[in-house]
Amino acid sequence: MGKIPLLVIAGPTASGKTKLAIDVAQRLHGEIVSADSMQIYKGMDIATAKPTQKELAAVPHHLVGVLEPDTPCSVALYAQLAHAAIADIRNRGKLPVLCGGTGLYIQAVADNLQFAEETRDPAVREALYAQADAEGAQTLLDELFDIDPETAQRLHVGNLGRIVRALELYKTTGIRMSEQLRNSTAVPSPYDVCMLALDYTERAALYDRIDRRVDIMLEDGLVREAELVLTAGEMPTAGQAIGYKELAPFFRGEKPFSECVADLKRETRRYAKRQLTWLRRDKRVQWLYPDRFASYEELLDYVISICFKKSQ
RNA sequence: GCCUCUGUAGCUCAGUUGGUAGAGCAGUGGACUGAAAAUCCACGUGUCGGUGGUUCGACUCCGCCCGGAGGCA
């Protein structure tokens, strides 16, 4: 019994993943599984740069626009949905193509990370945050040192979210975060992974693409979409999307529109940089630089030649 | 043409009585296991416009030249 071939197309935002994945999938009888923490939500089409209707029709897509924006998402939930989608694609004899920019989600699927049933408890979280508020984050970090020094050592006091999560995990399940990390990789991945990622030789080239894409989003009606989303109410995960919160000061009359747009572009650039940092540490990644190919077709041919080699 | 102000990090600017320079922003690198488009950490050498001079020593004082801004004719 061989492993399931899994093609991964990653890369920072605006690098051209969507188009490449579709073209590759069409040639290899593939179907696309999105690995994007925001495209998984309904609506929010413009800001998350979802594939167009035409693109969605060209190749079957999974996990695009399947959750209500007010539902929280998590790596664990995503991984569960993605594994199911891949199994389904495999059963129909097609090649699963995981495409997206959320590094943690990609890793969770590719490495088959294991997550316990339920390890969260809102009440515990709230209590921990309240404690941090009253006594300071250092108190929580000290507490974590007593139960899980290995994890406490690598966490910085400033990163309260991680400290709280580590304590929450222990208080609700008795599992230490350091144990969870080891447990998560206990089951070998069922996938034969071919991991590709897009980047550009010059960082400035990627940043130009980002700036241009934000301008296009504005032409396509980002402002109207932002107004809708910002007045829609609480959205635990979806509310973090870049594209809305940056325009909020404009709607409140606190900042000129042009400044908000500049902020939006800057936040997108920083996001792209973080994505690259994440991908760089994965040694499986085979980097693709579109600017080093004479044409897009040559890039596509090259990608397909690699895939065939991997999936045989 | 004359007078005044000005030229320091990619940008905006500090720089105290002369001892070869520092902030914010931008940017860069890194971390990352249940909110990850989030969260967090680290990183500031640049012909101090050019060139002569005074001085043990000049971003700092003086001369000239080149750029900017304003004023008077």
Side-chain angles (χ1 to χ4, degrees), chain A residues 12-14 34-41 44 46-50 67 69-81 100-122 124-125 129 137 141 148 150-151 153-170 172-173 175-187 202-204 206-207 210 213-214 217 229 234-246 259 262-282:
Chain A
T13 187
S34 168
D36 188 302
S37 65
M38 294 301 159
Q39 287 183 8
I40 198 170
Y41 287 105
M44 308 178 31
I46 298 170
T48 66
K50 272 190 198 161
L67 294 182
D70 60 354
T71 355
C73 187
S74 70
V75 220
L77 172 62
Y78 170 77
Q80 186 188 327
L81 296 173
T102 306
L104 178 60
Y105 285 12
I106 293 171
Q107 197 207 334
V109 172
D111 293 342
N112 195 28
L113 296 185
Q114 301 298 302
F115 299 97
E117 272 305 299
E118 191 50 64
T119 65
R120 297 159 77 198
D121 187 338
V124 172
R125 281 176 98 75
Y129 276 112
L141 188 56
D148 185 359
E150 192 180 328
T151 299
Q153 234 171 54
R154 49 174 265 263
L155 292 182
H156 189 274
V157 218
N159 213 341
L160 183 59
R162 294 271 167 71
I163 297 170
V164 167
R165 172 58 194 151
L167 288 170
E168 176 196 31
L169 178 68
Y170 183 74
T172 57
T173 66
I175 302 169
R176 295 182 188 83
M177 183 56 82
S178 49
E179 287 177 79
Q180 156 61 19
L181 285 177
R182 280 186 282 275
N183 295 342
S184 70
T185 52
V187 182
E202 294 294 326
R203 182 67 61 86
L206 178 64
Y207 288 177
I210 288 172
R213 192 162 78 172
V214 169
M217 286 179 180
V229 170
E234 278 298 290
M235 295 187 290
T237 307
Q240 296 179 157
I242 294 174
Y244 308 126
K245 54 186 191 297
E246 291 74 17
E259 271 182 47
D263 290 348
L264 170 53
K265 289 177 175 174
R266 190 192 57 221
E267 287 311 313
T268 309
R269 287 195 293 268
R270 288 177 172 170
Y271 168 48
K273 182 176 161 313
R274 271 177 270 138
Q275 289 176 298
L276 286 168
T277 299
W278 180 285
L279 290 168
R280 274 195 289 247
R281 76 170 180 174
D282 194 324

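By convention in this document, chain letters (A, B, ...) are assigned in the order of the sequence lines, proteins followed by strands, and residues within each chain are numbered from 1. All values reported here derive from a predicted model rather than from experimental measurement.
- What you find for A:T48 and A:M38 is that their closest heavy atoms are CG2-CB, 3.7 Å.
- Using a 4.0 Å heavy-atom distance criterion, A:A47 is classed as a base contact.
- Residue A:L160 contributes atom CG, which lies 9 Å from atom P of B:C40 at whole-angstrom precision.
- Counting atom types as modelled, A:K273 pairs no side-chain N or O with a base atom of B:G27 as donor and acceptor under 3.5 Å.
- Within the 4.0 Å cut-off from OP1 or OP2 of B:A37, not a single side-chain nitrogen or oxygen of A:T268 is found.
- Using a 4.0 Å heavy-atom cutoff across all strands shown, A:K265 reaches no nucleic acid atom at all.
- With B:A35, B:U33, B:A38 as the choices, the nucleotide that has an atom nearest any side-chain atom of A:R125 turns out to be B:A35.
- Looking at A:R162, its side chain comes within 3.5 Å of the base of B:A38 through a donor and an acceptor atom.
- The only option from A:R165, A:Q180, A:E168 that meets the side-chain hydrogen bond (donor to acceptor under 3.5 Å, both in side chains) definition with A:T119 turns out to be A:R165.
- Within the structure, every side-chain polar atom (N or O) of A:Y105 is placed at least 4.0 Å from both OP1 and OP2 of B:A38.
- Residue contacts shown for A:E117 include a base, since a base heavy atom lies under 4.0 Å away.
- Checked against B:A35, B:A37, B:A26, the side chain of A:D36 finds its nearest nucleotide in B:A37.
- Between B:G70 and B:A38, the two C1' atoms lie 50 Å apart (nearest whole Å).
- Using a 4.0 Å heavy-atom distance criterion, A:T119 is classed as a base contact.
- Using atom P as the reference point in both B:A21 and B:C48, the two lie 11 Å apart (nearest Å).
- Contact check, A:R154 against B:U33: a side-chain N or O comes under 4.0 Å of OP1 or OP2.
- Of the possible donor and acceptor atoms, none in the side chain of A:K50 sits under 3.5 Å from a partner among the backbone N and O of A:M44.
- At the heavy-atom level, A:S184 lies under 4.0 Å from base atoms of the strands shown.
- Between the A:D148 side chain and the A:S178 main chain, a donor and an acceptor come within less than 3.5 Å of each other.
- Taking atom NZ on A:K245 and atom C1' on B:A35, their separation rounds to 12 Å, with Å as the unit.
- Applying the salt bridge (Lys or Arg N to Asp or Glu O under 4.0 Å) criterion to A:E202, with sequence neighbours excluded, gives no partner residue.
- Between A:R266 and B:A26 there is a side-chain polar atom (N or O) within less than 4.0 angstrom of OP1 or OP2.
- One finds no side-chain N or O of A:Y271 lying less than 4.0 angstrom from the OP1 or OP2 phosphate oxygen of B:A38.
- Applying the side-chain hydrogen bond (donor to acceptor under 3.5 Å, both in side chains) rule to A:R270 yields the partners A:E267; only residues at least two apart in sequence or on another chain are considered.
- Looking at heavy-atom distances under 4.0 Å, A:Y78 makes no contact with the nucleic acid at all.
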Quiz item: Can you give the dot-bracket line for RNA chain B, where a pair is Watson-Crick or G-U wobble with both atom distances under 3.5 Å, crossing pairs use [ ], and | marks a partner on another strand?
Solution: (((((((..((((.....[..)))).(((((.......))))).....(((((..]....)))))))))))).

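- To the nearest whole angstrom, the two P atoms, one in B:U17 and one in B:C62, are 15 Å apart.
- Distance check: A:Q39 CD to A:T102 OG1 gives 8.5 Å after rounding to the nearest 0.5 Å.
- No contact: A:Y41 has no heavy atom under 4.0 Å from any strand.
- Residue contacts for A:G158: at a heavy-atom cut-off of 4.0 Å it reaches the sugar-phosphate backbone alone, with no base atom in range.
- For B:G27, neither phosphate oxygen OP1 nor OP2 lies less than 4.0 angstrom from any side-chain nitrogen or oxygen of A:R203.
- Counting atom types as modelled, A:R165 pairs no side-chain N or O with a base atom of B:A35 as donor and acceptor under 3.5 Å.
- Between B:G10 and B:C64, the distance separating the two C1' atoms is 31 Å to the nearest Å.
- To the nearest 0.5 Å, the span separating CG on A:D263 from CD1 on A:I242 amounts to 11.5 Å.
- Using a 4.0 Å heavy-atom criterion, one finds that A:P72 contacts no nucleic acid atom at all.
- Residue A:T185 places its side chain closer to B:U33 than to any other of B:U33, B:A26, B:C40.
- Spacing between B:C65 and B:U4 at atom P, rounded to whole Å, works out to 14 Å.
- Between the CD atom of A:Q240 and the P atom of B:A36 there is a distance of 5 Å, given to the nearest Å.
- When distances run from any side-chain atom of A:R120 to the nucleotides B:A37, B:U33, B:A35, the shortest one goes to B:A35.
- For the pair A:L155 CG and B:C41 P, the computed distance is 12 Å after rounding to whole Å.
- A sub-4.0 Å separation between OP1 or OP2 of B:G27 and a side-chain N or O of A:R270 is present.
- Taking the C1' atom of each, B:C59 and B:A26 are spaced 24 Å apart, rounded to whole Å.
- Nearer to the 5' terminus of RNA chain B, by closest-nucleotide assignment, is the contact made by A:R280 (compared with the other of A:R280 and A:H156).
- A donor atom on one side chain and an acceptor atom on the other are found under 3.5 Å apart for A:R213 and A:T13.
- Rounded to the nearest Å, the gap between the P atom of B:U20 and that of B:C2 is 38 Å.
- Residue pairs meeting the salt bridge (Lys or Arg N to Asp or Glu O under 4.0 Å) criterion with at least one partner in residues 178-187 of chain A, sequence neighbours excluded, are A:E150-A:R182, A:R176-A:E179.
- A:Y129 OH to A:L160 CG: the interatomic distance, rounded to the nearest 0.5 Å, is 5.0 Å.
- Remark: the separation of the P atoms in B:C40 and B:C5 is 47 Å, to the nearest Å.
- Atom CD of A:E259 and atom P of B:C25 are 15 Å apart (whole Å).
- For A:N159 and B:A31, a side-chain-to-base donor-acceptor distance below 3.5 Å is absent, hydrogens and geometry of angles not being considered.
- Summary of the strand contacts: A:T48 and A:T277 both lie near RNA chain B, and taking for each the nucleotide with the nearest heavy atom, the more 5' one is attributed to A:T277.
- The distance from atom CG of A:L206 to atom C1' of B:U28 is 14 Å, rounded to the nearest whole Å.
- Put simply, CG on A:N112 and OG1 on A:T185 are 10.5 Å apart, with the number rounded to the nearest 0.5 Å.
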Measure all distances between protein nitrogen or oxygen atoms and nitrogen or oxygen atoms of nucleotides 9-12 of chain B, and list the pairs falling under 3.5 Å.
none

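- Contacts of A:R274 with the nucleic acid, taken as non-hydrogen atoms under 4.0 Å apart, include base atoms.
- Every residue meeting the salt bridge (Lys or Arg N to Asp or Glu O under 4.0 Å) condition with A:K265, not counting sequence neighbours, appears here in chain and number order: A:D215.
- Taking atom CG on A:L276 and atom P on B:A37, their separation rounds to 13 Å, with Å as the unit.
- Note: CD (A:Q275) to P (B:G29) measures 14 Å, nearest angstrom.
- The side chain of A:R269 lies closest to B:A26 when the candidates are B:A26, B:A37, B:U28.
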